[in-house]
Amino acid sequence: MNLPPFLLATALLFWGWQTGLWPVACLMASVLEGARLLPWRWDLARSDFNRVSDLCTIIFVSLVVYLGATTDAPRVLTLVFQWFPLVVLPLVAAQVFSTSPGVDARIFLWSQRKKADADGTPATHTLDLRYPYFVICILAASAANVRGVGFYVGATVLTAVALWSARPPAVSPAIWGGLFVLVAGLGWVGHVGLHQAQRAVEAVALEWLAEWMRRDTDPFRSSTAIGSIGRLKLSDRIILRVDPGPAARMPLLLREATYNVFAMPAWLAVDATWSPVLPEADGTTWRLGPAGPERARVTVSASLRRGRGVLALPADAFEIDRLTVVRVEKNRLGAVKVDEGLGLVTYTVRSGARSVLDDPPSEGDLILPIPDGAVATRVARELGLRGASAADVVAALHSYFRANFRYSLYRQAPEGEVSALEDFLGRSRAGHCEYFATAAVLLLRAAGVPARYATGYSVQEWSPLERAWVVRARHAHSWAVAWVDGAWRDVDTTPPGWGEIEGGQASVWQPVSDLFAWAGHAFNQWRYGERRGNVTSWLGWLLIPLTLVLIWRLFFRRRQRRAGAASAGSEAPRARVGTDSEFYAVEDRLNALGLGRRAAEPPMVWLDRVRDQSPVAQSRVRLERLVALHYRYRFDPIGLSEAERGRLRAEAEAWLADVERPVTRDREAAPR
Amino acid sequence: MRRLLFRAFRWTWVVQQWLSRRFTRAGYLVLGGILAASVVGLDTNRTLAYQAFAFLVVLLAVALAASLTLRGRFSVRRSVPRFGTVGEPLVYKVIVANQGRRAQSGLTLLEDTADPRPSLEEFLAAREPGEERRNWFDRRVGYPRWMWLIERRRGARFPETPVPPLLPGGDAEVRVEALPVRRGRLRLVRVTLARPDPFGLFRGFLRVPALQSLLILPRRYPVPDLDLPGTRRYQQGGVALAASVGDSEEFASLRDYRPGDPLRRIHWRSWARVGKPIVKEYQDEFFVRHALVLDTFGGAGPPEVFEEAVSVAASFAVAIPSQDSLLDLMFVGPEAYCFTAGRGLAHADRMLEVLAGVEPCVGKPFSALRNAVLERYGELSGAICVLLAWDAERRALVEALRGAGVPTLTLVVVPADATAPAGEDGDPGLGPHRLTVGQIPEGLARL
């Protein structure tokens, strides 16, 4: 199988067309096809190919690292596939410019290299890398994902050219062409079908997976676990790292969103549309409302999935500094969401004396839900909350819950037909934070105090490893916010020891996963440029001079050997007289007809044997004369005269014209 | 567990053979392209490699279908020699006749031998040479051992030979050059004619049964001219041992009749001439008889040691001139064998045939060989012992032979990485001489 000339260059240009990397493709094509025009060849041993193979590995690793650092994870693989021809180019160029027609197949694996060095045997399998490279170019072009018919047509045409050169000799072009058109058509149908099949599978799978996926904080709806039976378990994964500043009182509550309507078992944020927040001149400072005297400054480091999410803010925040995102929006219930940020954001929140994010209360903040509202009203009457001032109500609720309730992650099935909240308030007196927060909000509303339900996190764990306060998934918390004396205040009625109870649920592997989380966080910080390190920033640049040194060592200390132009390493055949005799064409034709000369059979003996067979017997030209002339041409030291030479040629051509090319048809229809 | 692995290996061997024989190099490239395209194009939204995948799969499927159109009737006649030798090319001609109505061209001839897959017992019991050097996983799973067993049983390597174009009713001669790699019987089962499909990816097969077998003789090395010491001994039976069965001896002279001579021996013509009974006198035959003792008790050691010992024995078998001496080949297989050649009894070729079928002996002690050899010490003029190790038993055998007055040339075949023990008493004339596997010709030249 011989690669037709310039097929590799065409494949490379096709790759350049699909990926848009025209200049690179032209350069690579000229490098590979330049071997056809330039007479230089290097004498490369197996150890040299080992080094070039290592160079390709280094290029591959650097490519993966570079792409991994600069693009999103799913696209990294596609880009690596796209750039793959460039990665393999040194090896193919080394083979093309070397004196050997292929590379030893043992250079690709270390174990094989060691074995080859120990044995010292010559290669049993040599691989001509140009053919796999041709396939690699086409597949890399496919990774460019240029939709349309261009890829399929180009790939089909290139494959047709390659297959045509590799076809067995006795195939008729019509059959070959017909079969190829059939293949191309069926392939088209096939790939359209594959695409449709994937769409169908995706649709089904998405429905199925949706139930299993973890949901981000939805600022419109907070589903609670109120009513579910059994043990509640949240994960230990570290979500936030917080620096609360010197003025903070721990545990600190960071709020993500607030909701105002309870529809068992969820809290909904009704009538809360988003309004954009404009940044200040520097682009990273976002003012949420009129500024006031600063009371606290909290720094939070959070990861944003796909660059968007809801921010966790302390109470009464009025400004967010150093927030590197493109869009920030807020709603009247105090939720702040961001979009198009980096994977890791570290922001500083300045909070003041009163909230500028939350709107003042409306009548929606006093509405009690139908089934559980009656319970709340009754309990409020029992506690004598009606008519008391807001501050008194809050204090009374704090003492009521602390005295009579305990924190539990486990809930038994209730007895009788009572709602979960009624069971909580009446009988079990134990639950997790959502129970306490929901009950607090309902009781406050029943007492006439406007109240909302807030979710977020509680900062209570110091990590000596990270030297920061860490917030885990199980520190997610919910509490009530109440309108007390003209300002929104956090009312957290959950018994204070709940953090330890949650901590008792921690898994044995928590220290190990914390270690990994710390390493991952440090990497993320470096990746997103938050750490102003001097070493890491120019570490990447160091690779360039190193690579140049490697290339210099590999190629320019090699001694060149200028070998012959087209067939490197072969000596010119000794000139023998008579090798251009037309008799050989006659012999080839008879061979194709099935009457060939056997090995070591003299031509005269052979002619004796086939004299009476069909095409020979009927030809006008006597082959014996032709053979006699041929003998003299080849072996007679005197040679043939001009006239005789002409006669040899003419008779041979006449015979060839007489006897047609063989066609593989049945005997009855053979040409006469 | 081993059983499961064995079955898995059997199945993978079938798949490997199918892949390597049916696919051309272009076909491999298309297979590789399909694999790569399936990896790159797993998500049809991200890349277009699924189009290439669909195209290549359809291409291969059409090629497979087109290869099924290879039809025809052929008959095959091989002219295979009776013997071949390990390591030397075996050349023979195959005449392929086209008995169909269609001319055929572009065919390739492949020879098929008997199935080289070992049985379960062989697989469990075999030990590959150098297996200790492999890592733990290879030793446990045993795949290198499997491959080595297959290689050993393969017998010979056959290249693929192109067949010239065939007219309907015509025939063509194909010259096949095979390389035997193992001694023993080589069974050729069938001839396969292959032709690639129009795209040149996949080959269609036409199988023509043609059973034939030949014997591959062991490799022989050049042995220097040996001057084996030894006196001529009385050989009971004389020349007639070679010519016929019976008890006639070599005619020496005539003498007068003495009472008691058998009447058979009277020479009637002389009586007629002389007038009194004359009797023919016979002389009993004395000639040289050497023993070639082959040690077959090497089952625990590396198999190449045994093969080389057989080769050394074969080299001596052809080198010792057998015109006027006898050579006894003695070894222990299922029973103790003694095979005699020389002086018209049998030619060295027959001894080579015997050596081609020698297997290591299991289950018998070394004393079986010792007894067999010492039984005949009275007739032996000299002995050549080809041993697989040099331990107390074998030393005892050699010393017993020497003590009985039989000069012995002792050769010990050792593995390539064996160390020479100290304190070897090397009698320069009679051994033991060490022959290292891989350097046998040099070792023999030093004798």
Side-chain angles (χ1 to χ4, degrees), chain A residues 1 18 74-75 77-78 81 131-132 134-136 138-147 151-152 155-156 159 162-163 166-172 175-176 179-180 182-184 186-191 193-195 198-199 591-596 598-599 613 662 664-668 670, chain B residues 24-30 32-34 36-37 39-63 65-66 93 98 100-107 135 164-175 195-201 203:
Chain A
M1 181 176 153
Q18 289 279 304
R75 246 182 90 64
L77 209 57
T78 318
F81 287 138
Y131 302 103
F134 174 73
V135 175
I136 286 175
I138 297 191
L139 287 179
S142 83
N145 207 15
V146 175
R147 297 270 156 184
F151 171 75
Y152 190 73
T156 318
T159 316
L163 280 178
R167 77 191 188 288
V171 173
S172 90
I175 294 184
W176 192 95
L179 276 178
F180 194 82
L182 175 70
V183 168
L186 282 178
W188 177 269
V189 171
H191 81 69
L194 273 178
H195 194 55
Q198 175 170 350
R199 287 238 198 97
N591 192 22
L593 284 172
L595 301 171
R598 300 213 176 121
Q613 305 255 16
T664 51
R665 285 195 293 216
D666 289 351
R667 181 178 16 194
E668 288 82 49
Chain B
T24 59
R25 299 199 81 162
Y28 279 140
L29 202 58
V30 169
I34 290 180
V39 167
V40 175
L42 209 51
D43 184 355
T44 65
N45 293 315
R46 270 195 209 291
T47 65
L48 296 179
Y50 70 98
Q51 299 185 352
F53 174 80
F55 175 73
L56 287 176
V57 164
V58 169
L59 183 68
L60 202 59
V62 169
K93 288 199 185 348
N98 180 6
R101 279 186 303 150
R102 205 185 297 189
Q104 306 272 7
S105 59
L107 294 167
N135 59 50
L166 295 167
L167 283 181
D171 59 16
E173 196 180 86
V174 180
R175 181 175 173 275
R195 187 168 57 198
D197 70 287
F199 291 124
L201 304 176
R203 298 203 292 197

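Computed over heavy atoms, backbone and side chain alike; hydrogens, waters and symmetry mates excluded. Proteins come first, then strands; the chains are lettered A, B, ... in the order of their sequence lines, and each starts at number 1.
Interface residue A/Val171: only side-chain heavy atoms are found under 4.5 Å from chain B. Residue B/Val40 touches chain A through both its backbone and its side chain, counting heavy-atom pairs closer than 4.5 Å. Both the backbone and the side chain of B/Arg46 come within contact range of chain A, judged by heavy atoms closer than 4.5 Å. Neither the backbone nor the side chain of A/Ser172 comes within less than 4.5 Å of any heavy atom of chain B. In this structure, chain B has heavy atoms under 4.5 Å from both the backbone and the side chain of A/Pro132. In this structure, the portion of B/Phe53 lying under 4.5 Å from any heavy atom of chain A is its side chain and not its backbone. Both the backbone and the side chain of A/Tyr152 come within contact range of chain B, with heavy atoms under 4.5 Å apart. Contact of B/Leu42 with chain A is made through the backbone alone, with heavy-atom distances under 4.5 Å.
Around the CG atom of A/Leu182, the shell of radius 6.0 Å holds more than 12 heavy atoms that belong to other residues, nucleotides or ligands.
The two residues B/Pro165 and A/Ala592 have their closest heavy-atom pair at CB-O, 3.7 Å. When all heavy atoms of A/Leu194 and B/Tyr50 are compared, the pair lying nearest together is CD1-O, 3.9 Å. Closest non-hydrogen pair, A/Leu139 versus B/Ala36, comes out as CD1-CB, 3.4 Å. A/Pro168 and B/Asp197 get closest at one heavy-atom pair: CG-O, 3.3 Å. A/Gly594 approaches B/Leu167 most closely through the heavy-atom pair CA-CG, 4.1 Å.
At a threshold of 4.0 Å, the pair A/Arg598-B/Asp171 counts as salt-bridged, since one of the basic side-chain nitrogens sits closer than that to a carboxylate oxygen.
The main-chain N or O of B/Asn45 is found under 3.5 Å from a side-chain atom of A/Asn145 such that the two form a donor-acceptor pair.
When the candidates B/Gly200, B/Pro198, B/Ala54 are compared by the number of heavy-atom contacts under 4.5 Å with chain A, B/Pro198 comes out ahead. Between chain B and the options A/Ala140, A/Ser142, A/Gly187, the largest number of non-hydrogen pairs under 4.5 Å is found for A/Ser142. When each of A/Leu77, A/Leu595, A/Val146, A/Ile136 is scored by its heavy-atom pairs under 4.5 Å with chain B, the top score falls to A/Val146.
Rounding to the nearest 0.5 angstrom, the gap separating the CD1 atom in A/Ile138 from the CD atom in B/Gln51 is 12.5 Å. For the atom pair NE2 of A/His191 and CG of B/Leu48, the computed distance is 8.5 Å after rounding to the nearest 0.5 Å.
A 4.5 Å side-chain heavy-atom check between A/Gln198 and B/Asp43 finds at least one atom pair inside the cut-off. With a 4.5 Å cut-off on side-chain heavy atoms, B/Leu59 and A/Leu163 count as touching. The shortest distance between side-chain heavy atoms of B/Leu29 and A/Phe134 does not fall below 4.5 Å.
Partners of A/Thr78 by side-chain hydrogen bond (donor to acceptor under 3.5 Å, both in side chains), not counting sequence neighbours: none found.
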